[in-house]
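For clarity, every value in this text was computed on a predicted model and none was experimentally measured. Quick note: numbers below take in every heavy atom, side chains included, and nothing from hydrogens, waters or symmetry partners. First listed ligand is number 1; within each ligand, the first listed atom is number 1.
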Amino acid sequence: MDNQYDVIIIGTGPAGYTAAIYASRANLKVLNFEGWQPGGQLTITTTVENFPGFEKGIDGKALMAEMKKQAAVFGTEYVSKDVTKVDFSGQPLRVYAGKDEYQARAVIIATGAKPRKLGIKSEEKYWAKGVSACATCDGFFFRDKKVAVIGGGDSAMEEANFLTRFASKVYIVHRREEFRASDIMLDRVKSNPKIEIITNKEIDEVLGTDKLTGLRLKDTKTGETSELAVEGMFLAIGHTPVTEIFEDVEKNKLGYILHKENTMTSMAGVFAAGDCVDHRYRQAITAAGMGCQAAIDAERWLENQS
Ligand code: NAP
């Protein structure tokens, strides 16, 4: 069988690529599944200003492209498929992409996280008809229009600032008065004349006809409702880990994979790194660091097995 590897890495964000660099440089035969969003979340961000080594920042897509090329130098193979099923019940570990089966002695899960949704029906109705979770992807469509960004973290601040390149006005709608966002990001937003912050409001309903025309807001203190006329709503309310297919791997109640020994999960030979594990730091650099740890742990584990 051709599809046999020492290590299969699932996911290609900073965690997956760094694991690939380390594992393939350790002379292991490595296959990296690129997954549903090749390059991960950084490919839909703008400039990454806090990844060490880039005084002027670096475009997120460019950073991921460099990591991918770096892992390829050491022999990492890539496959542009989604993993649909896994079987970690014994050796070899089995990973499936549809009908295709791949085998490995160790697996590193680095599937990251995807944007969280509000969970209201009208959000689905107007998805891609005004509702988006990616300003970088969709901001362009809102030239000279009013839009709202939902959330109070760094992502919301970043998205709002970015959207002012196109939109005539950007509202940040946040459900509390305090912000999770860092001071520097919040200050940038506050000094941007195109941005207005609305606090203590949650989204009661997305309004529209064939496309989004406004939001019904509900005051989180008084319960009063009001309407905000916008043509776009950008969600920036955090993320959920992409871990559904790993049914037998132990996770916490939010779905984040748990480490049992260093970066090894509850399944022997299965390691995990990055945003599918980490709900606290969620940075490119911390994901990359954990990807490195997982590759070193996998390598040592494999050595002990043989
Ligand atoms: P986050 O920090 O978890 O913030 C999520 C925000 O969404 C919170 O303000 C939360 O409100 C709000 N929220 C959650 N569920 C909601 C709901 N159902 N309805 C309304 N609001 C809701 O997530 P993030 O902003 O994506 O940031 C994640 C991590 O990435 C952070 O560590 C951040 O620093 C980092 N990051 C860094 C940069 C940068 O440095 N350039 C850029 C982006 C992200 P509450 O506060 O009330 O819970």
Side-chain angles (χ1 to χ4, degrees), residues 13-15 37 40-54 56-64 112-124 127 131-137 139 148-163 170-189 192 195 197-206 215-221 223 225 228 230 233-242 252 254-256 274-290:
Q37 190 177 52
Q41 293 175 63
L42 281 193
T43 58
I44 55 163
T45 187
T46 48
T47 310
V48 183
E49 291 179 335
N50 49 13
F51 199 88
F54 302 96
K56 294 184 178 129
I58 180 167
D59 175 73
K61 240 184 203 162
L63 177 61
M64 300 323 293
K114 63 181 175 204
R116 196 181 286 152
K117 293 182 178 181
L118 293 169
I120 53 176
K121 265 193 182 161
S122 48
E123 162 190 56
E124 293 301 334
W127 196 265
V131 180
S132 168
C134 176
T136 319
C137 322
V149 175
I150 318 305
D154 280 336
S155 296
M157 306 305 129
E158 193 173 66
E159 301 272 90
N161 258 322
F162 178 76
L163 284 165
V170 179
Y171 297 96
I172 293 177
V173 181
H174 180 38
R175 62 185 177 185
R176 294 190 297 144
E177 252 156 61
E178 300 75 30
F179 288 86
R180 285 180 201 269
S182 52
D183 289 343
I184 184 171
M185 304 285 272
L186 198 54
D187 287 347
R188 259 182 223 170
V189 155
N192 189 325
I195 300 178
I197 297 176
I198 301 175
T199 51
N200 295 326
K201 298 274 192 288
E202 60 189 15
I203 311 305
D204 194 41
E205 207 67 75
V206 181
L215 303 173
R216 190 162 71 224
L217 307 180
K218 188 170 169 186
D219 193 294
T220 50
K221 289 195 163 158
T225 58
L228 183 68
V230 287
M233 174 174 89
F234 287 83
L235 296 173
I237 59 170
H239 292 82
T240 19
V242 181
N252 72 8
L254 297 173
Y256 289 91
D275 285 12
C276 62
V277 176
D278 167 33
H279 50 91
R280 185 177 174 86
Y281 301 105
R282 292 177 293 183
Q283 304 297 302
I285 188 67
T286 52
M290 210 190 292

Starting from atom 3 (O) of ligand 1, which protein heavy atom do you reach first, and at what distance in Å?
-> R282 NH2, 3.4 Å
Can you tell which part of R116 has a heavy atom less than 4.0 Å from ligand 1: side chain, backbone, both or neither?
-> side chain
With heavy atoms under 4.0 Å as the rule, classify the contact between L118 and ligand 1 as side chain, backbone, both or neither.
-> side chain
Test of proximity, S155 against ligand 1: N or O pairs below 3.5 Å = yes
Can Y281 be said to touch ligand 1, with heavy atoms closer than 4.0 Å?
-> yes
Using atom types as modelled and distance alone, determine if a side-chain donor or acceptor of T220 lies under 3.5 Å from a backbone N or O of N200.
-> yes
Ligand 1-proximal atoms of A236, by part, heavy-atom distance under 4.0 Å | backbone
Quick one: does D154 get an N or O within less than 3.5 Å of an N or O on ligand 1?
-> yes
Between G152 and ligand 1, does any nitrogen or oxygen pair lie at a separation below 3.5 Å?
-> yes
Which segment of E202 sits under 4.0 Å of ligand 1 when only heavy atoms are counted | neither
Just heavy atoms, cut-off under 4.0 Å: does M157 contact ligand 1 by side chain, backbone, both, or neither?
-> neither
The protein heavy atom nearest to atom 23 (O) of ligand 1 is G238 CA, 3.8 Å
Could you go step by step and tell me if S182 and D154 meet the side-chain hydrogen bond (donor to acceptor under 3.5 Å, both in side chains) rule?
-> CA-CA 6 Å; S182 52; D154 280 336; 3.0 Å; yes
Testing K114, R282, Q41 for side chain to side chain donor-acceptor pair (under 3.5 Å) with H239, which one passes?
-> Q41
Please indicate whether Y281 has more than 12 foreign heavy atoms, meaning atoms of other residues, nucleotides or ligands, lying under 6.0 Å from its OH.
-> no
Sidechain-backbone polar pair: S132 side chain, C134 backbone, donor-acceptor under 3.5 Å | yes
How close does the nearest protein non-hydrogen atom get to atom 41 (N) of ligand 1, and which residue and atom is it?
-> E158 OE2, 3.2 Å
In the protein, which heavy atom is nearest to atom 14 (C) of ligand 1, and how far is it?
-> I237 O, 3.3 Å
Quick look: N50 vs ligand 1, heavy-atom contacts under 4.0 Å, and the answer is side chain
For atom 47 (O) of ligand 1, which protein heavy atom lies nearest, and how many Å away is it?
-> R176 NE, 2.7 Å
Answer yes or no: is there an ion pair linking E202 with R216, defined by an N-O contact shorter than 4.0 Å?
-> no
for atom 48 (O) of ligand 1, nearest protein heavy atom and its distance come out as R180 NH2, 2.6 Å
Salt bridge or not for K56 and E49, using N-O below 4.0 Å?
-> no
Apply the side chain to side chain contact (heavy atoms under 4.5 Å, CB included) test between M157 and each candidate in R180, R188, M185; give the one that qualifies.
-> M185
Is there a donor-acceptor pair under 3.5 Å between the side chain of T199 and the backbone N or O of E177?
-> no
A133 versus P115, closest heavy-atom pair with distance = CB-CB, 3.8 Å
Starting from atom 16 (C) of ligand 1, locate the nearest protein heavy atom and write down its residue, its atom name and how far away it is, to 0.1 Å.
-> R175 NH1, 3.3 Å
Do other residues, nucleotides or ligands put more than 12 heavy atoms under 6.0 Å from L254 CG?
-> yes
Hey, does the side chain of E159 reach the backbone of S155 with a donor-acceptor pair shorter than 3.5 angstrom?
-> no
Note: ligand 1 atoms sitting under 4.0 Å from heavy atoms of H174 are 9 (O), 11 (O), 45 (P), 46 (O), 47 (O)
Protein contact of atom 35 (C) of ligand 1 - nearest heavy atom, named by residue and atom, plus distance = Q283 NE2, 3.2 Å
